[in-house]
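Notes for the one structure printed next.
So you know, we letter chains A, B, ... as the sequences are listed, proteins then strands, and number each from 1.
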Protein chains: 2
Amino acid sequence: MTTIKDIAQAVGVSCTTVSNVINGRSGRVSADTILRINETIEMLGYVPNMSARSLVSSSSRVIGVISHLAPHKNESIVEDPFHSAFIGSIERTLSENGYYLMLRTVETTAELVAFLRNWNVDGLFFTGVFQDEFFQALSELSIPIVLIDSYVSHSNMCNVGLEDYKGGYTATRYLIEQGHKDIAFASPTIRERGVVYERFLGYKNALAEASLPFRPELVFEQELDLNSTVSLGRKLAKRNDFTAVFATADIMAAGIMAGIHEAGKKVPDDISVIGFDDINLCQLTSPKLTTIHQDAPLKGKLAVNFLMNLLENKKIEEREVILPISLVERNSVKKI
Amino acid sequence: MTTIKDIAQAVGVSCTTVSNVINGRSGRVSADTILRINETIEMLGYVPNMSARSLVSSSSRVIGVISHLAPHKNESIVEDPFHSAFIGSIERTLSENGYYLMLRTVETTAELVAFLRNWNVDGLFFTGVFQDEFFQALSELSIPIVLIDSYVSHSNMCNVGLEDYKGGYTATRYLIEQGHKDIAFASPTIRERGVVYERFLGYKNALAEASLPFRPELVFEQELDLNSTVSLGRKLAKRNDFTAVFATADIMAAGIMAGIHEAGKKVPDDISVIGFDDINLCQLTSPKLTTIHQDAPLKGKLAVNFLMNLLENKKIEEREVILPISLVERNSVKKI
DNA sequence: AGACTATGTTATATCAGTTTAACATTAAAC
DNA sequence: GTTTAATGTTAAACTGATATAACATAGTCT
């Protein structure tokens, strides 16, 4: 392997000079030397060794994406269609900026901290709800963090979020406008400071605003996996005390629809369904799924932007972006 | 940050001894010393610095997953539902084995080689079809590589594959058994030594075996993105010269189904559709998609196993595993 | 008693870079 | 004609680990 030493030797200068040129600190290097060094680097196919670099600089250009911190979930973040869209976007944007993405499953805070220190990880993306203990540990490490879809604010972290409350409100409001009065709510576990909680608040307030009662028996908390959502759909099909469901994720909405169909009822004729996220799947179901749209690639891109700014110590005026939602009308909601 | 030196100092031994204990080379270290070292490591919260490690050992425990090598495709591998299932599996298995996964977009062979050398990447996963030039470059680097779904065999690489030919044959045969005589074939670009090519051969041979003519005008090559597949579906709906389509990917089959429905025709009454992969999506469409099943998580796990064996220089009797396919009958194919 | 093992332990070099502080050389300023 | 500044360049220390080869010490065997 060609090293910086080989380049220095070949050109007839010192390592320092080569290092300076490579790192753009060529202010005090003569034009001729720069040219010769670059030529030699090209010729010898020199590639810097990141281990040596990060050893001496204690920073690595590695950005971590933590897959999950919840021990019970045996599912990687990439397996969720919404998140994978947005990780794809993160990955591309990071590559463009000369950073490297490490995907890592950790189950405990200790494991996470070990991982970050193992590699001198420069920055971190997080999505979801976490325990305080966890944030405590992270702020001690003081590495730049961008939180995505996390209703936690921390002095040295940035947030990329969504109009979740408005999304929940808009979805519910839309159902009400279509004449629905008894509207079920389906979501994974509702946790405070999570996106689902905000969507839930939006749902409740839309009901209240229309003077419709909030009926706790119509709130269904369920895991997002295929089997759970489909069986929830079957269960819902058996009831007759509501006419529409708002599911806080498209995969859940789609599963519910499948379950309803399995049970012999029809969407939207018997039960209307509205989803959230607007992933590709919405256009592949029959009927196509009416949903709340959000821009996953943009979310990824903005998250990377934030992180880049944090890493370069740029002054950040606004530590938070909230992306807008919009309603996408398709065919899974009936007007009554 | 606590270093190995701090541990050594605290315990009153040398770095070498600490290093030996950490790396399990404790054969010549007294039980008492081992105990004290481990206690101190625990107490001081020591975490090894991977950069220093990989610098001296020129191996990093980093495994690369190359996101895409096709410059025209602006899509990360994680965005494809089949691949994301299987990357999720790879990621978990690697973590369990103490390896780290780096996801990287590269567009040229040079970029790939630079990436591998940058980080002393220990091993690599590849999926898909690549140019010879590319394999040339990789074999020069001589790092362990596991090819997934790639019909290329190379002396120091392992392959995890699928019964693609049989899959194509089984799907087509099934359609024929259901009474279909005019069967279209839909896939991304058919490239030699790719999975699609094998499935295509299976399709052709099943036709031939049943004495049905192969009709080139019924072969449709199309990108896998949502818009392309849906518009292919619309296009297919306009034709009357076939009764069934075999799509070599479920996302394509689902898109085609959506397009057919958009055009006012019905699956399976007007046109039957069969897919490939058996991703979750198959159970979310209406009708549910009949498809060829393959086990994505197992594929990932086996790929990791191969890589671990290659990394540990274990004797490998068989450099190749071919996973079995199976037919999953659902409701998208009509018996005529 | 001396040679030989087995058992513990450790200086020191090394990995491939970056950083620091100093050293020449030439040009400009007073 | 010296001081000052600007321009190039470099030797050497350092980052945190591992590997090599050597060095003690204690016990065992002739």
Side-chain angles (χ1 to χ4, degrees), chain A residues 1-38 40-41 44-62 98 100 114-122, chain B residues 1-38 40-41 44-62 98 100 114-122:
Chain A
M1 291 298 89
T2 319
T3 73
I4 213 172
K5 215 168 167 180
D6 300 323
I7 305 293
Q9 225 150 41
V11 178
V13 294
S14 75
C15 295
T16 311
T17 304
V18 178
S19 171
N20 284 334
V21 170
I22 289 172
N23 294 287
R25 282 184 303 271
S26 38
R28 283 177 184 61
V29 184
S30 70
D32 174 62
T33 310
I34 294 177
L35 188 73
R36 275 159 56 225
I37 288 177
N38 283 329
T40 316
I41 284 177
L44 270 57
Y46 167 76
V47 167
N49 179 320
M50 296 307 278
S51 302
R53 264 197 186 166
S54 71
L55 177 58
V56 69
S57 66
S58 48
S59 95
S60 58
R61 299 193 85 78
V62 167
Y100 300 84
F115 166 62
L116 298 178
R117 299 221 322 232
N118 268 324
W119 288 103
N120 285 319
V121 170
D122 278 357
Chain B
M1 291 298 90
T2 318
T3 72
I4 212 173
K5 215 169 167 180
D6 300 324
I7 305 293
Q9 225 151 40
V11 178
V13 294
S14 74
C15 293
T16 311
T17 303
V18 178
S19 172
N20 284 334
V21 170
I22 289 172
N23 295 287
R25 283 183 302 271
S26 39
R28 285 176 184 60
V29 184
S30 71
D32 174 62
T33 311
I34 294 178
L35 190 73
R36 274 158 57 224
I37 288 177
N38 282 328
T40 316
I41 285 176
L44 270 57
Y46 167 76
V47 167
N49 179 320
M50 296 307 277
S51 301
R53 264 196 185 165
S54 71
L55 178 59
V56 69
S57 67
S58 50
S59 96
S60 58
R61 301 192 84 80
V62 168
Y100 300 84
F115 166 61
L116 299 178
R117 301 220 321 231
N118 269 324
W119 288 102
N120 287 318
V121 170
D122 278 357

Taking side chain to side chain contact (heavy atoms under 4.5 Å, CB included) as the test, write out the residues that go with B:Arg28, two or more places apart.
none
Distance in angstrom units between [X] [atom1] and [N] [atom2], rounded:
X	N	atom1	atom2	value
B:Asn49	C:dC15	CG	P	18 Å
A:Asn120	C:dG17	CG	P	17 Å
A:Met1	C:dG17	CE	P	11 Å
A:Ile4	C:dT19	CD1	C1'	12 Å
A:Asn23	C:dG17	CG	C1'	9 Å
B:Leu55	C:dT14	CG	P	14 Å
A:Arg28	C:dT20	CZ	P	14 Å

Identify the 5'-most and 3'-most nucleotides of DNA chain D with at least one atom closer than 4.0 Å to a non-hydrogen atom of chain A.
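Extent of the interface on DNA chain D: D:dT7 to D:dG16.
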Taking the side chain as every heavy atom from C-beta outward, state whether [X] and [Y] have any atom pair closer than 4.5 Å.
X	Y	answer
A:Ile4	A:Tyr46	yes
B:Val18	B:Val11	no
B:Phe115	A:Val47	no

Dump the intermediate steps for side chain to side chain contact (heavy atoms under 4.5 Å, CB included) on B:Thr3 and B:Asn49, then the final yes or no.
CA-CA 8 Å; B:Thr3 72; B:Asn49 179 320; over 6 Å; no
What does B:Thr33 touch in the nucleic acid at a heavy-atom separation under 4.0 angstrom: a base, only the sugar-phosphate, or nothing?
sugar-phosphate
How would you label the contact of A:Arg117 with the nucleic acid (heavy atoms, under 4.0 Å): base, sugar-phosphate, or nothing?
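Nothing, no nucleic acid heavy atom in range.
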Once side-chain hydrogen bond (donor to acceptor under 3.5 Å, both in side chains) is applied, do any residues pair with B:Asn120, and if so which ones, sequence neighbours excluded?
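Once residues adjacent in sequence are excluded, B:Asn120 has no partner under the side-chain hydrogen bond (donor to acceptor under 3.5 Å, both in side chains) criterion.
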Test side-chain hydrogen bond (donor to acceptor under 3.5 Å, both in side chains) applied to B:Ser59 - qualifying residues, sequence neighbours left out
none
Any chance you could lay out the side chain to side chain contact (heavy atoms under 4.5 Å, CB included) test for A:Arg25 and A:Thr17, step after step, and finish with the verdict?
CA-CA 9 Å; A:Arg25 282 184 303 271; A:Thr17 304; over 6 Å; no
Criterion side chain to side chain contact (heavy atoms under 4.5 Å, CB included) against B:Ser19, the qualifying member of B:Thr16, B:Ile22, B:Asn23:
B:Asn23
Output yes when at least one side-chain N/O atom of B:Ser30 is less than 4.0 Å from OP1 or OP2 of C:dT7, else no.
no
Looking only at side chains, do B:Ser30 and B:Thr33 share a donor and an acceptor under 3.5 Å apart?
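Per modelled atom types, B:Ser30 and B:Thr33 side chains form a pair under 3.5 Å.
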Report yes or no: do A:Ser54 and B:Ser51 form a side-chain donor-acceptor pair below 3.5 Å?
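Their side chains do contain a donor-acceptor pair, which is all the 3.5 Å distance test asks for.
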Where along residues 5-21 of chain B does a heavy atom come under 4.0 Å from DNA chain C, residue by residue in number order?
B:Gly12, B:Val13, B:Ser14, B:Thr16, B:Thr17
Compute the angle between the rotation axes at the two ends of the helix from C:dA1-D:dT30 to C:dC30-D:dG1, each taken over five pairs, rounded to 10 degrees.
60°
